[in-house]
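One structure below.
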Amino acid sequence: MNHFFPPEQYGALHDGISEILYSAEEIQQRVMAMGQMITRDYEGCHPLLVGVLKGVFPFMSDLLRTITIPVEVDFIAIASYSAETRHQGVVRLQKDLDRPIKGRHVLFVEDVVDTGLTLNYLLKNLRAREPASLKVCALFNKQRRRLISIPVQYQGFELPDKFVVGYGLDYRELYRNLPFVGLLKPAVFQPEKE
Ligand code: IMP
Ligand code: MG
């Protein structure tokens with residue numbers, strides 16, 4: 001069992017949070033349940049978990065250790081080209097997978113599915129490499145923001161149409177180290193100008 005400090009101990013970071021949406025304990029419990037489902041569904045399949053850096057790393061790390069069958073992990077890293085291409089979900093691969101996935105059972109692991117544009121683009125890219133299967137596991141879902149319908153086979157929590165931080169999710173690279181997920185105070189959050 002993971003142990004975390006109480007939220008107040010995160011001082012200046014905690015001061016920027018207006019509301020905790022999911023506590024560290026709730027997240028750990030849900031991740032454990034997701035890992036058990038994956039363990040059951042992928043028994044005998046030797047799956048490969050693929051994550052997108054950096055936001056996914058705490059979730060990937062916790063999820064991985066709740067899966068009790070043989071499993072491999074790989075990561076890709078992406079960067080948006082520009083404001084214009086971002087709206088089409090077109091991204092540049094900064095780091096590709098280390099190994100081919102042809103014939104492998106691939107589980108794509110995401111922190112949050114928002115518009116779905118990035119995920120849609122990446123799934124197309126992976127599908128072209130002919131995996132035996134390709135499913136999606138996302139800890140957080142913002143259904144109301146979805147622009148492209150994407151089946152998510154394993155889902156953790158629903159989020160409101162608001163900007164959240166913590167558990168890997170950042171605001172200007174900060175707040176990733178919070179073990180819980182919460183809303184930023186309006187005084188802290190300034191939406192990016194496009
Ligand atoms: P989309 O689904 O293409 O819109 O992009 C999803 C990505 O945007 C996620 O992988 C996150 O990196 C980022 N993202 C979306 N919503 C949030 C949020 O509320 N906080 C922090 N990052 C977010
Ligand atoms: Mg991100």
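Counting convention: from 1, in listed order, for ligands and their atoms alike.
- Only the side chain of Asp111 comes within 4.0 Å of ligand 1, counting heavy atoms alone; its backbone N, CA, C and O stay farther away.
- Residue Lys142 has at least one heavy-atom neighbour below 4.0 Å for each of these atoms of ligand 1: 16 (N), 17 (C), 18 (C), 19 (O).
- Ligand 1 has Gly116 within reach: a non-hydrogen atom of the residue lies less than 4.0 Å from it.
- At a heavy-atom distance under 4.0 Å, no atom of Arg145 approaches ligand 1.
- Of the candidates Val52, Val91, Val90, Thr118 forms a side chain to side chain contact (heavy atoms under 4.5 Å, CB included) with just one, namely Val91.
- Put simply, part of Asp170 is less than 4.0 Å from ligand 1, judged by heavy atoms.
- Nearest to atom 20 (N) of ligand 1 by heavy-atom distance, out of Ile78, Asn141, Leu169, Val164, is Val164.
- Where the criterion is an N or O separation shorter than 3.5 Å, residue side chain and backbone included, Leu119 fails it with respect to ligand 1.
- Contact between Phe59 and Cys137 at its shortest, heavy atoms only, is CZ-SG, 3.9 Å.
- Judged by the shortest distance from any of its heavy atoms, Lys162 lies inside the 4.0 Å radius around the atoms of ligand 1.
- Taking all atoms of both residues into account, the shortest heavy-atom contact from Lys162 to Leu183 is CB-CD2, 3.8 Å.
- Near Thr118, with a cut-off below 4.0 Å to any heavy atom, the atoms of ligand 1 are 1 (P), 3 (O), 5 (O).
- The residues Arg40 and Glu43 are annotated as not salt-bridged, no charged nitrogen and carboxylate oxygen being separated by less than 4.0 angstrom.
- Annotation: Thr115 places an N or O atom under 3.5 Å from an N or O atom of ligand 1; distance criterion only.
- Scanning all heavy atoms of the two residues, the minimum distance from Pro58 to Tyr167 falls at O-OH, 3.6 Å.
- Lys185 NZ: more than 12 foreign heavy atoms inside a 6.0 Å radius.
- Ring orientation note: the planes of Tyr42 and Tyr154 are tilted relative to one another, at an angle of 30° to 60°.
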